Novice: 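Okay, here's the structure, questions in a sec.
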Amino acid sequence: MAKVLTKRSENYAQWYNDLVIKADLAENSVVRGCMIIKPYGYSIWEKIQSELDRMFKATGHSNAYFPLFIPKSFFSKEAEHVEGFAKECAVVTHYRLKKDADGKGLIVDENAKLEEELIIRPTSETIIWSTYKKWIQSYRDLPLLINQWANVVRWEMRTRLFLRTSEFLWQEGHTAHATKEEAIEETEKIVNLYADFVENYMGVPVIKGLKSENEKFAGAINTYAIETLMQDGKALQAGTSHFLGQNFARAFDVKFTDKNGKQDLVWATSWGVSSRLIGALIMAHSDDNGLILPPNLAPIQVVIVPIYKGNSELDKISNTAEKIRKTLTEKGISVKYDNRDTQKPGWKFAEYELKGVPVRIAIGPRDIANGTVEIARRDTLTKEVIKQENIAEHIADLLVDIQTSIFNRARSFRDKNTCKVDTYEDFKKILNEKGGFLLAHWDGTSETEQKISKETKATIRCIPLDGKIEKGKCIYTGKPSNQRVVFAKAY
RNA sequence: CGGGAUGUAGCUCAGCACGGUUUAGAGUACUCGUCUGGGGGGCGAGGGGUCGCGAGUUCAAAUCUCGCCAUCCCGACCA
């Protein structure tokens, strides 16, 4: 088989890039840092969207849409927030073009300068809280539980398809609550929801935790995150949920009257996951032959490929294939019968492997004669020949098996690459040799974190929520610590 | 914004040190024909180029010089 992908062992970053392009997920746009998400890649995003959207609605949230443009002045209202985002904002200054002097090109019409510049949203807290001010007067208006599906722009220096692009797709939830406790409960509810989704749909194990002061969201009191581990030993933050306290309510003067007639600032949360999840999906599971998709998110769960000579053979095979497709579809399985005559069977095998379709069914003359089909599973690349009877049950079970087996594989990789470290020497050694999650004691200060990060490139991914209380000494300063935190090099 | 590199067919690139047998090439992709078909198949034919842009040197420039533009990689920044 022709090798179209760079091997992971040769160059992991190149493998990732090859895979994204060759599996037809996305490509670079002419605008630097932006990507074109191609139909197959977008269909994966749609699967992610529809599951999450269902989960958000099941927990009482509603969708709304706020504008792309945010007045510049809104941004400066929350000090930490502006600090965090100012350096990566795209700014709209004019609203009209005109022909240039020689009448051929276009230039910005200086007469069409905006009185106040507009920021293309890097996140929507400010525009949303300026709106919430109008919506919230009483405790009766709370809680306000809103999500939006949108694109945002963060002018990044260096970009990588799906992992970091100047424009990306995401959902952002913005909720308002009457009490601190309720807001914290919401923040935790969402981080659990994200963990549930990433583990059970994406098949990627997560560590839930709190971000350190250095790493938390600009403007938040606390940031909860789910951290995942990629096959190259680097961590990827897969989702965040922020407890914003009353910071944004204060900045935008959003107050409500409680049951006792007393006024108070509203408590806030915000949370999001992005198209970066697709990057996590790729890097957690895929191999040198291409993408491996978990059945729960695969746009095509089963592909049927006919193997034939001439039309009469194809007709017989199509007859069987269509029957199988029908019984599978009735079970809620998404099936594609690829009867294109323009590509050869071998070509199709390689193609669907590259695209990560979990199960392939091949049907040829031999199968027609024997009443069988050949079934190949993408995760293990194994094949078996089975009878056509009860195929729907067999495939349904197989899909469940694949889903759990790729999760287990990712989890055992994660566990193998998570180790407790007690000295700075070991820390540096393990970090360089294999990477992964390093559980180490830390004295709790930003200075120490920054020094470690500067010397080793490893950052604190999170302070795990289920971490045990355990006396120890900071690996860097030797000062006392009560809990191990998760260090890793990260994307 | 610092450091490095690269722009030649849709894509990946050779050719450039030493200017002229190269009518600008290869692989791949594409089109047609044919044999095929249980893992990206074989054979034959065909189409496709302002050699990044602009100026200069020269009898002659993809090749030498200068300027410009763009992109990529490594850092600082980050979901």
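When reading the values below, keep in mind they use all heavy atoms of this one structure, side chains included, and skip hydrogens, waters and symmetry mates. Note on naming: letters A, B, ... go to the chains in the order of the sequence lines (proteins, then strands), and numbering restarts at 1 for each one. Keep in mind it's a predicted model, so treat the numbers as computed, not measured.
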Novice: Does this structure show an ion pair linking A:K451 with A:E455, if we count only N-O contacts that are shorter than 4.0 Å?
Specialist: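 Between A:E455 and A:K451 there is no salt bridge, as every charged N stays at least 4.0 Å from the carboxylate O atoms.
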Novice: Taking the ring of A:F487 and the ring of A:F427, is the distance between their centroids below 6.0 Å?
Specialist: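 For A:F427 and A:F487, the ring centres are under 6.0 Å apart.
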Novice: Determine the Euclidean distance between corresponding C1' atoms of B:C73 and B:A62; express it in Å to zero decimal places.
Specialist: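 The answer is 25 Å between these two C1' atoms.
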Novice: Determine the interatomic distance between C1' on B:C11 and the same-named atom on B:G3; round to the nearest Å.
Specialist: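 The answer is 29 Å between these two C1' atoms.
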Novice: Of all the choices, B:G38, B:U71, B:G41, which nucleotide is nearest to the side chain of A:R32 once you look at every atom?
Specialist: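 Of all the options, the side chain of A:R32 is nearest to B:U71.
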Novice: Rounding to a whole Å, what distance do you find between A:Y194:OH and B:A79:C1'?
Specialist: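 To the nearest whole Å, that distance equals 11 Å.
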Novice: Has the side chain of A:E353 got a donor or acceptor that lies under 3.5 Å from a partner of the other kind on the base of B:G39?
Specialist: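 Yes, a donor-acceptor pair under 3.5 Å.
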Novice: Consider side-chain contact (heavy atoms from CB on, under 4.5 Å). Of A:W271, A:W267, A:F217, which one does A:F243 pass it with?
Specialist: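 Filter result, single survivor: A:W267.
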Novice: Measuring from the side chain of A:E88 (C-beta onward, heavy atoms only), which nucleotide among B:G38, B:A79, B:C77 has the closest atom?
Specialist: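 Comparing B:G38, B:A79, B:C77 against the side chain of A:E88, the answer is B:C77.
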Novice: Output the single nucleotide from B:G37, B:G38, B:A79 whose closest atom is nearest the side chain of A:R366.
Specialist: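 Among the listed nucleotides, the one closest to the side chain of A:R366 is B:G38.
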Novice: Since syn is defined as within 90° of 0, does B:A17 count as syn or as anti?
Specialist: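 You should classify B:A17 as syn.
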Novice: Quick one: A:K344 NZ to B:C35 P, roughly how many Å, whole number?
Specialist: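 These atoms are roughly 12 Å apart.
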Novice: Return the stacking result for B:G40 and A:F349: yes when the ring centres lie under 5.5 Å apart and the planes under 30°, no otherwise.
Specialist: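 No, aromatic ring not over the base.
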Novice: Taking the C1' atom of each, how far is B:C68 from B:A76, in whole Å?
Specialist: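 That atom pair is separated by 28 Å.
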